[in-house]
Amino acid sequence: MVRVFMFVVVILALTACDSDVDLRSPMNAVTTPSPQSTPETDSEVLVPAQDFPGVVTGLDMRNNQIYLVADEICVYLRQAPLWEPGDYWNGFDTLPSVMISVDQEQVTELERFVSGVLEFEVDESGNEVGTHGYSMDFCFSPLAIRGIQAGSHTIAISIVKISGKTYSYSWVFNII
């Protein structure tokens, strides 16, 4: 697979205030400066599972357990590991749907960002077979979740592509 790059940087954000807000809807997109915190600038960066297609900040591994170490958890999902030929991710209506939950309660107060250079994927013959950007980023405050207290909690992330293919990841983190 050969990659052709188009220099277009897209940074879109929205804050979802209820579970009916769809990240893929262009009506929910607002142009904003890039997030203040990126994986390259945070001191605590965690890959919570071996096959997880990105990194997480706000959590840290200590004594073989994951702990909340910041007021905010940010999930940075790279698009390329999720991309397959035939995927054209060039707008909110074509991106995978991402849901994050803590202790089986959907996180509805999410800051969402989509950024990166639009990459055109081509096959060996030079035919375009799809597009994708760099990342989909999601930040939230677990301390703002109703009823959350010190102790062990489970975060779950579900990524559903338009084709219906689903990726699911979960891990336990602790609040002290």
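Within the structure, salt bridge (charged side-chain N to carboxylate O under 4.0 Å, His left out) contacts touching residues 145-158 (residues at least two apart or in different chains) are E105-R146.
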Show the atom names and distances, to 0.1 Å, of all donor-acceptor pairs under 3.5 Å that link a side chain in residues 167-176 to residues at least two apart or in another chain.
{"residue": "N174", "atom": "OD1", "partner": "S152", "partner atom": "OG", "Å": "2.7"}
{"residue": "N174", "atom": "ND2", "partner": "Q65", "partner atom": "OE1", "Å": "3.1"}
{"residue": "N174", "atom": "ND2", "partner": "I66", "partner atom": "O", "Å": "3.1"}

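Under the side chain to side chain contact (heavy atoms under 4.5 Å, CB included) criterion, D87 pairs with W83, E84, W89, K161, not counting sequence neighbours. For E128, the side-chain hydrogen bond (donor to acceptor under 3.5 Å, both in side chains) test picks out no residue, with sequence neighbours left out. Here N127 pairs with D123, S125 under the side chain to side chain contact (heavy atoms under 4.5 Å, CB included) rule; sequence neighbours left out. Listed by chain and residue number, S115, D137 satisfy the side-chain hydrogen bond (donor to acceptor under 3.5 Å, both in side chains) test with S135 (two or more places apart in sequence, or in another chain).
Counting only heavy atoms from C-beta outward, the side chains of V98 and V75 never approach each other to under 4.5 Å. Inter-residue side-chain proximity for H132 and L82 is flagged as unmet; no heavy-atom pair is nearer than 4.5 Å. Residues I157 and F52 form a side-chain contact, since some pair of their non-hydrogen atoms from C-beta on lies under 4.5 Å apart.
Between the side chain of S158 and the backbone N or O of M99, no donor-acceptor pair lies under 3.5 Å. Q79 places a side-chain N or O within donor-acceptor distance of the main-chain N or O of G133, the cut-off being under 3.5 Å.
Both F138 and V102 are part of a single hydrophobic cluster, where members link through side-chain heavy atoms under 4.5 Å apart. Linking ILVMFWY side-chain heavy atoms closer than 4.5 Å, directly or via other members, places I145 and L68 in a single hydrophobic cluster. A single hydrophobic cluster is not seen to contain both L118 and Y88; linkage of ILVMFWY side chains at heavy-atom distances under 4.5 Å, directly or through other members, places them apart.
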